[in-house]
Amino acid sequence: METESEPYVRLASLRQLHQVMADMNTARSLADTLQTVADGVVTALGYELACVNLVRADGDLVVAAFAGNPAAEALITGRVGSRESWERRLTMGEHWGDLVFIPHTEGWILDDDDVPQWYTDGPAPRFEDEWHPSDRLFAPMYTPSVPGGSGGELIGVLSVDRPRNGRRPGAWGREALQMYAFQAAIAISNARLRANMQRALVRLEREQQALRASEESFRQAFEYAPSGMAIAEMGGDQHGRILRTNDALCRLLGRPASAMRRYSFSDLVHPEDIGTLLRTSAEGGRAELRLGRRDGTYVWVSLRNSVVADAADGPRFLLTHVEDIEERKRRELQLAHRASHDSLTGLPNSAELRSRLSSRLCRRPAHAALEETFDSHDAAFGHAVPDLSGHGFDYRPDPVDAAFDGYDHHVHTVAPEEGRDDGTKGLAVLFCDLDGFKSINDRFGHNAGDAVLIEVARRLSRGVRDGDTVARLGGDEFVILADGLGRADAQDLAVRLRNEIIQPIRAEGRAVRVGASFGIGWAHCGMTADEVLKSADERMYVEKRSRPKQHRRAG
């Protein structure tokens, strides 16, 4: 009877298999696919119970779907069996192709392992192929990388129980279960892939939303920042070209955004600050410099740079933060000016005078003395004597070199020889002392004296060239540094300045007069600033004593 009815059963099973496989591949989610697989074993293959054990990321297997018995489903769904226990099950018993059958005579040793299972006791089989309640049949599911389903990576195991006809499956039943496991593996792999794609799409959408929110936050922070912001190109032919600016930077420089895109910061920076800009590091660089406004003036700013790259490490841009520091710089310059200038006259003070004078001098001995110094040094240390022609030196890392660091870039200062007019030009130091100033203070008070000092300072500044220094040394003493003069030129300058000073000065509502005595000294390398000033001071006193007292002050 069974043999006669087998063709009909097989055809009906094929129809059911076709429908179940269609359902497996059209399920909406991984969970639906797993449940469809379990249901298909019951509806299409003729088993009363079916369980889908799915491999987790950690390698263990979880009961992901169950069909055929609601009580058993509630009991074991979601429970986990270790990979080790499952590996032992799949290597014991009888192997029917890819299927593993463990008869009740051997399966008793598995009763106490950690694999979730559902079975009942029953009588011993009455005939050879009768199914016993403790028999176990497993259909491993592998990734479909290998034809036939074997040899791939294990993704799960179908466990089935209680064939409806009460017998162990024959050749056709075994092949049908094996084919079903292979198709189930494909459906589960596809469902996993779809689930991963859906999760990836959701994650991508969330990332895009976060990116859009971040971009919007950046746009608002950029546009409405209280200080200037700019984005410039980085690298390539257009390196440094400004691509975008915010309103604060446009207002600071008085330039519209459309005009700013025609420039780079190197086009806008003050010529004296271009070196500072070029030395500024692009990544995290910082500099304080001046940027040009549309009206031709300059404003002090602090630049801070940072690099912006896209997610794929593509085009890189330079984000520059521009902070207005004009007020701070003005205060710093005012403080520096007060520290280096006389508060009454506004002229450089004694410290600034000595600084400017010292910067023109070096303490290098004369040419012959240098040769003697190196000769003695080389005799002691075994060095060859260098060629000193043209004041050129070979670098040698010894104590003598340390004394002459930076001299090769120094312009040697010489003085015209006294009594000769050989065309030599030098740095003239004119020491000026006012004649008759004390009597003005005594007769008319210090306010009148201050007015005289202020006017003398103005006349001295007016009487020298651009680039010359007029300083107040203290009291009624002034010093003029005038470079590039011969002896006759210096004498002429002193006469002209004296003639300017002796003109009447309006002080406290009355006209007063003071005279002036000038001493001319000459600066040359090898002297200190104090030595130069002392020399000019001494010559001033010689000149003062050489003139009759009544001629020292006019009127």
Side-chain angles (χ1 to χ4, degrees), residues 337-361 415 426-465 468-483 485 490-505 507 512-523 527-549 551-555:
H337 186 271
R338 290 173 185 172
S340 60
H341 286 71
D342 176 49
S343 59
L344 177 64
T345 64
L347 296 178
N349 60 18
S350 176
E352 178 67 11
L353 170 68
R354 284 175 167 80
S355 175
R356 295 187 187 185
L357 183 54
S358 297
S359 67
R360 294 296 314 275
L361 303 173
L427 176 58
V429 181
L430 283 68
F431 199 106
C432 172
D433 182 81
L434 300 183
D435 300 327
F437 176 74
K438 184 176 182 303
S439 64
I440 293 176
N441 265 342
D442 294 342
R443 292 174 59 189
F444 307 118
H446 289 286
N447 288 340
D450 289 348
V452 169
L453 293 175
I454 293 171
E455 179 59 21
V456 169
R458 189 185 68 81
R459 293 180 183 184
L460 289 174
S461 299
R462 187 179 59 191
V464 299
R465 305 164 303 174
D468 291 344
T469 295
V470 178
R472 184 186 178 198
L473 195 60
D476 60 347
E477 295 177 337
F478 297 85
V479 174
I480 296 94
L481 304 183
D483 200 5
L485 298 184
Q491 292 289 348
D492 290 343
L493 177 60
V495 171
R496 285 191 290 104
L497 294 178
R498 182 183 297 113
N499 291 336
E500 286 286 335
I501 292 173
I502 64 176
Q503 300 300 318
I505 297 174
V512 297
R513 292 174 181 267
V514 292
S517 297
F518 282 85
I520 303 174
W522 296 92
M527 299 177 69
T528 65
D530 287 336
E531 289 172 344
V532 175
L533 294 174
K534 181 180 179 182
S535 171
D537 186 27
E538 291 173 349
R539 292 176 183 273
M540 183 273 298
Y541 276 108
V542 170
E543 195 267 347
K544 185 185 288 283
R545 288 193 297 267
S546 68
R547 293 165 51 221
K549 185 174 183 180
H551 297 303
R552 294 177 192 169
R553 178 170 59 89

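Of all heavy-atom pairs spanning Ala490 and Leu430, the tightest one is O-CD2, 4.2 Å. Gly521 and Ser535 get closest at one heavy-atom pair: CA-OG, 4.4 Å. Ser350 approaches Leu473 most closely through the heavy-atom pair OG-CD1, 3.7 Å.
Atom CG of residue Asp433 and atom CG of residue Asp537 lie 8.0 Å apart, to the nearest 0.5 angstrom. Atom CZ of Arg472 sits about 6.0 Å away from atom OG1 of Thr345, to the nearest 0.5 Å. The distance from the CG atom of Leu485 to the CZ atom of Arg465 is 4.5 Å, given to the nearest 0.5 Å. We find the CD-OG distance between Glu543 and Ser517 to be 5.0 Å, quoted to the nearest 0.5 Å. Separation of atoms OG (Ser461) and CD (Glu500) is listed at 11.5 Å; rounding is to 0.5 Å. Rounded to the nearest 0.5 angstrom, Leu353 CG and Asp342 CG are separated by 12.0 Å.
Contact check for Val464 versus Leu460: no side-chain heavy atoms found under the 4.5 Å cut-off. Between Val429 and Leu481, the closest side-chain pair of non-hydrogen atoms falls below 4.5 Å. In this structure, Leu361 and Glu531 have side chains that are not in contact, with every pair of non-hydrogen atoms separated by 4.5 Å or more. Contact annotation: the side chain of Leu357 never approaches that of Thr469 to less than 4.5 Å [non-hydrogen atoms, C-beta and beyond].
The residues Glu455 and Arg459 are annotated as salt-bridged, a charged nitrogen and a carboxylate oxygen being separated by less than 4.0 angstrom.
When atom types are taken as modelled, the side chain of Ser359 and the backbone of Arg356 share a donor-acceptor pair closer than 3.5 angstrom. At distances below 3.5 Å, not a single donor-acceptor pair connects side-chain atoms of Asp476 with backbone N or O atoms of Leu453.
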